[in-house]
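Order of the sequence lines fixes the chain letters, A, B, ..., with proteins taken first and strands second; residue numbering starts at 1 for each chain.
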Number of protein chains: 2
Amino acid sequence: MTNPETTPVTSIDPRTGKDVETVTRESTTEEVRQACRAAADAAPALARLGRLWRADLLQACADALEKDREELVRLADRETALGPQRLNGELTRTTYQFQTFAEEIREGAYLEAVVDRPGQTPAGPRPDLRRMLVPLGPVAVFGASNFPFAFSVPGGDTASALAAGCPVVVKAHPAHPATSQRTFEALTGAARAVGAPEGLLGLVHGLESGRALVLAPEIRAAAFTGSTRAGRALWDLACSRPDPIPFYGELGSLDPLVVTPAAAAARGEQIAEGLFGSFTLGAGQFCTKPGLVLLPGDQAGSALVDRLAQAVRTHPAQTLLTEGIKAAYTSAELPGRLVAEGPADEEGWSVPARLLQARLAELTPDGLDECFGPLTLVATYDDEEELLRFIEELPASLTASLFSESDERGLRGRLAERLLTRTGRLVHDGFPTGVAVSAAMQHGGPWPATTNALHTSVGATSLRRFLRPVSWQNAPADLLPDELRDEPEHPVARRES
Amino acid sequence: MTNPETTPVTSIDPRTGKDVETVTRESTTEEVRQACRAAADAAPALARLGRLWRADLLQACADALEKDREELVRLADRETALGPQRLNGELTRTTYQFQTFAEEIREGAYLEAVVDRPGQTPAGPRPDLRRMLVPLGPVAVFGASNFPFAFSVPGGDTASALAAGCPVVVKAHPAHPATSQRTFEALTGAARAVGAPEGLLGLVHGLESGRALVLAPEIRAAAFTGSTRAGRALWDLACSRPDPIPFYGELGSLDPLVVTPAAAAARGEQIAEGLFGSFTLGAGQFCTKPGLVLLPGDQAGSALVDRLAQAVRTHPAQTLLTEGIKAAYTSAELPGRLVAEGPADEEGWSVPARLLQARLAELTPDGLDECFGPLTLVATYDDEEELLRFIEELPASLTASLFSESDERGLRGRLAERLLTRTGRLVHDGFPTGVAVSAAMQHGGPWPATTNALHTSVGATSLRRFLRPVSWQNAPADLLPDELRDEPEHPVARRES
């Protein structure tokens, strides 16, 4: 067992904490390199197959997952305890992602095609210049613990990289190796059936495999969803390469939720109910879980806290994904006092819900960290200026939420302006947990929410992470991509001059 | 003089190598921090002024530079020896950049606005989501030695950052401190006249200032044009921050130029003439100078080399920008034999033109480095396969150029396909030195050409480097940017669903 080549990868049932099966063994460094070389070898063939073929590939992936739905949901539930309802919804989201990306690439606007014909400009003559985005090359994708489908082997990173035209090597998350393996088989089966080149998709297991992937010369970009600590370590590796690569990491996110005095007074009950549902959804293991709730320190705020506390005290224990997440939840040294705790259940990775409370004045904004699990920290503010100052010091998040009333225009505007500087998505009078798959979605924000605030890992524009622009100057028509020719066979939207 | 606070910044005439004047002194770390804080303080006011105001600001900057044209060109010529013709052209390019960016932001498509109204999707209900790009925050710009206008204080990086809505702090290049100072005054005068917030533009001097800029907490992105060594050092700094920032570095670029056997036979004379002009333009100090020329080892190739050698032998010595560039040129240990050298002239930073030659088989492709100055290395290949293999190992470049004939379809296609993987711009039957300012321009490529192949530093899309996407969910109309409202006052192109 000390030989890394024989370290088993086991599937654990979080409801019992017991090993259920040995799925495979950890990949060796040589196996990782082989997968990367195969991906690099597949890239030119993939490019030649074109985007319309890739749209068919994505649809075939969606169909293959759909076909195995029952088995996949059962397996994922055994490995994650997220429950069949949530997992069925997540699988639907996953197949929908493949389908929407298929539509995006069929349509072709994502190529950002520009045709500038020769001409005179005030800065001199301009040659024939044509530009569009081309695939970056093989992409490393890191599966996430908390979404066995939508952010793992068949998830958004894989789907968007394939849509962009990049081969993918996935590093499976150890929280659900069997689901990873089984979804990988579904995807590779679909790929084979539509005639994909060998090496288009690879799967590796083990912590060291992740490091080897980020350092592999063939890999041109990496996408990661996970903890700030692991993400930072991989980011540092990616940047230290002789040829650094883009590392798209979704790291820690506190996802603050602010309630103004008027909103607390007008809608305290409704906000408490929705907030409780939001921070306990998926056992509080969403990257968009509201982890910090800023409430007025007045009577309406107190009433809201009381409602949350009441809900927490009767909420059944929830099962976390891994022993590590449970340990972090149980031993977390969070600021604030424990004001309510739900019933405990010692079995497996089960934990009670918790509500913590502090006064804003007691907190250090940049010392606040994300903590997975069914808890949130309520912080009460005494006045608006204190609240505004505090927000300016908060670490950036994927989301920020603001409950306010329309007659609070001054305060609402100032809060919105400041929250906007610290987030990629500002939610008004709603909860941030749901992340719609849509062209207008932004799932990403300033560090540490993500390593690169210019990109999103959800929605139509997530393809952009895996594309780079190229200009063709004075190219003969037969050497231009179809999309840039004067008379393209499959025209796309383009800017022309 | 050992106190950094009193280290003078002097303006040197490269034609004589003599100090002409002391322009200022190096900035202290505290002065750098002050400039960054002032930039951060200016950001919210700048945001409130809006993009139409910014378009006026850019036009005012262009006008101010134009107004001082004569003085600026004289000063820049004294500091760079690039000559009035080239510098007048460069200044025209610089004002044109401001103007084209003004048009881009007036038009507004660069915001990539998306409006997704509430609805049902297969993955569940979708809330009202609206997305567009917002400014990243204060940007650090590093002036380049070789373009005192177009890639320095008033250059494309400054213009695109301002266009995007970001305050800018420029680190002046020591090759032209007086021009930097004077152009800075022109820009700040223009900014003041249109009512820009204090702190919108800052200027610092000295090597240490550059490091301090990249580490300043207020700085949200940095744009750099310079050597691979300096760029890598700053890149490493930017990535090592507690909150890493995007560092857009344009580093070394070999800009290979390939001539096929048929092209050498058909157009050898014409290619030699254009190539000679291209690698001696601006004394060979363009980042797009063809530094490696791949020629057939046949008679046509030999004839082409002879023509180049002949031109080199009679080419007058050219004055380089700095003592350091001259030292690097003079002492460079380049592969190949010196086959021709022009007349020398010992005055100032003057150097003779040079032509080096090697057989492809003698070269190690990834050991080739960019060398500023009027020289190029000609490498002759014996057969097509050798050429194709060699290209696969070449470091990536900003450009790659290919001279071929239309009846060489097989070879031409294979060469184009491989060159494309190693560059951001593929030039057919032309020279790469000119970089048109145009929407279809791509000036950037895989490492080490640039640190981030997803972006360009020239052309309309260079704004994207300084913008990040934000989604507004369920936002009341008065808290949406005008461009995302149902009935915008100043409508922009947007995607709607």
Atom group of A/A439 that falls short of 4.5 Å from chain B, counting heavy atoms =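 Interface part for A/A439: both.
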Check [X] against [Y] and note the closest heavy-atom contact, atom names and distance.
| X | Y | result |
| --- | --- | --- |
| A/R241 | B/R232 | O-NH1, 2.8 Å |
| B/P127 | A/A436 | CD-CB, 4.0 Å |
| A/L454 | B/P246 | CD1-CG, 4.2 Å |
| B/W235 | A/P244 | CZ2-CB, 3.3 Å |
| B/S438 | A/R126 | CB-CD, 3.6 Å |

inquiry  = Heavy-atom pairs under 4.5 Å with chain B - which of A/A123, A/C239, A/G459 has more of them than the others?
reply    =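 Ranked by heavy-atom pairs under 4.5 Å with chain B, first place is A/C239.
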Residue [X] versus chain A: region with a heavy atom under 4.5 Å:
| X | value |
| --- | --- |
| B/A460 | side chain |
| B/E417 | side chain |
| B/D236 | side chain |
| B/P242 | backbone |

Residues of residues 474-481 of chain B near chain A, each having a heavy atom less than 4.5 Å away =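 Under the 4.5 Å heavy-atom cut-off, B/N474, B/A475, B/P476, B/D478, B/L479 qualify.
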message = For residues 396-415 of chain B, give me every residue with a non-hydrogen atom less than 4.5 Å from any non-hydrogen atom of chain A.
response =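 Counting heavy atoms that sit under 4.5 Å from chain A, the residues of residues 396-415 of chain B involved are B/R409, B/R412, B/G413.
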request  = Can you measure from CE (A/M132) to CD (B/Q442) and round to the nearest 0.5 angstrom?
outcome  =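 The CE atom of A/M132 sits 13.0 Å away from the CD atom of B/Q442.
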request  = Could you grab the distance from atom OG1 of A/T423 to atom CZ of B/R468, nearest 0.5 Å is fine?
outcome  =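 If I round to the nearest 0.5 Å, the distance is 7.5 Å.
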message = Would you say that A/V437 contacts B/T121 through its side chain, given a criterion of any heavy-atom pair below 4.5 Å between the two side chains?
response =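 With C-beta onward as the side chain, the pair stays apart.
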ask   = Can you find a pair of side-chain heavy atoms, one from B/I245 and one from A/W447, that are under 4.5 Å apart?
value =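 Result no, sub-4.5 Å side-chain heavy-atom pair not found.
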message = I need the full list of ring-ring contact (aromatic ring centres under 6.0 Å, His included) pairs touching residues 449-471 of chain A, with sequence neighbours left out, sorted by first then second residue.
response =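 Passing the test, one end in residues 449-471 of chain A: A/Y248-A/H455, A/Y248-A/F466.
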message = Does A/L129 form a side chain to side chain contact (heavy atoms under 4.5 Å, CB included) with B/R425? I'd like the steps, not just the answer.
response = CA-CA 9 Å; A/L129 274 170; B/R425 176 162 57 109; 4.2 Å; yes
task = Would you please name every residue forming a side-chain hydrogen bond (donor to acceptor under 3.5 Å, both in side chains) with B/Q97, sequence neighbours left out?
result =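 None.
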request  = Report yes or no: do B/T461 and A/R131 form a side-chain donor-acceptor pair below 3.5 Å?
outcome  =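 Result is yes, a qualifying pair exists.
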ask   = Would you call B/R495-A/E107 a salt bridge at under 4.0 Å N-O?
value =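 Result for this pair is no, no salt bridge flagged.
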